[in-house]
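The structure under discussion appears below in the form of structure tokens.
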Amino acid sequence: MIAHLAVAAFGLALGVVVSASGLSDWGEVHRMFSLGIGQGGPAIPDLRLLLGFGGAVALAIAGFRAFARHDDLPAKPVRWGTVPGAMLFGVGWAIAGACPGAALVQLGEGKFAALASLAGILAGAWLHDRLRKRLGWAR
């Protein structure tokens, strides 16, 4: 129970930080993906979200190395569908202006257009599971 409360507290803190920093804003996500193209090239404010994600990845790597037991992190091979799947995820993220976490933050902010993003996320996960079973993709 305590572990669930701790995870909920960290999730709430993440939501507050994402909302307060403006990273749930569609315009901010658009600036990250466009890198200032058409506006004279990239500028530091346009790269703020990209640099934030780089820092988050570095922090996550450090956290996993420091706190996870080696057997908790199974090696997963890169399969042929990994790169196209990641590209499709990125395109959906750019169009919707939200990753799954940001869509939940947007919903908490009262941006009900996030329901369309969440519906797309759930439909994509459902479709992947159906295709995985039908095409015999390994898990």
Side-chain angles (χ1 to χ4, degrees):
M1 176 72 168
I2 293 175
H4 292 295
L5 290 174
V7 169
F10 278 110
L12 179 63
L14 175 65
V16 168
V17 168
V18 168
S19 180
S21 63
L23 300 180
S24 62
D25 178 45
W26 186 90
E28 188 71 33
V29 174
H30 177 73
R31 281 188 290 282
M32 176 186 76
F33 280 108
S34 67
L35 298 174
I37 295 171
Q39 300 167 350
I44 294 298
D46 297 331
L47 300 177
R48 182 172 74 105
L49 185 58
L50 189 62
L51 295 171
F53 279 110
V57 168
L59 183 62
I61 289 170
F64 276 116
R65 292 229 183 250
F67 297 111
R69 293 189 322 254
H70 184 67
D71 58 343
D72 287 343
L73 302 172
K76 291 191 172 194
V78 176
R79 298 190 179 103
W80 70 269
T82 300
V83 172
M87 291 173 67
L88 183 61
F89 178 82
V91 167
W93 186 9
I95 291 170
C99 66
L104 292 173
V105 172
Q106 289 172 346
L107 191 59
E109 293 172 339
K111 298 175 182 172
F112 293 108
L115 289 172
S117 297
L118 289 171
I121 291 165
L122 294 174
W126 176 83
L127 180 61
H128 172 266
D129 192 54
R130 299 287 294 180
L131 288 174
R132 184 186 61 77
K133 290 175 182 173
R134 178 166 290 184
L135 299 176
W137 295 340
R139 229 179 215 232

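The residues of the chain are indexed from 1 along the displayed sequence.
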Salt bridge (Lys or Arg N to Asp or Glu O under 4.0 Å) contacts touching residues 107-118 (sequence neighbours left out) =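 Qualifying pairs: E109-K111.
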Following the transitive rule for hydrophobic clusters with a side-chain heavy-atom cut-off under 4.5 Å over Ile, Leu, Val, Met, Phe, Trp and Tyr, establish whether L131 and W126 coincide in one cluster.
->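 Yes; tracing contacts between hydrophobic side chains, which count when under 4.5 Å, links both residues.
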Are F112 and I121 grouped together when hydrophobic residues (ILVMFWY) are joined by side-chain heavy atoms under 4.5 angstrom apart?
-> yes
List the atom pairs, donor and acceptor, that lie under 3.5 Å between side-chain atoms in residues 86-106 and the rest of the protein, sequence neighbours left out.
residue: Q106; atom: NE2; partner: S24; partner atom: O; Å: 2.7
residue: Q106; atom: NE2; partner: G97; partner atom: O; Å: 3.4

Could you pull out all residues at least two apart from W26 that satisfy side-chain contact (heavy atoms from CB on, under 4.5 Å)?
-> H30
Nearest 0.5 Å, what's the CG-CG distance between L115 and L122?
->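 One gets 10.5 Å once the value is rounded to the nearest 0.5 Å.
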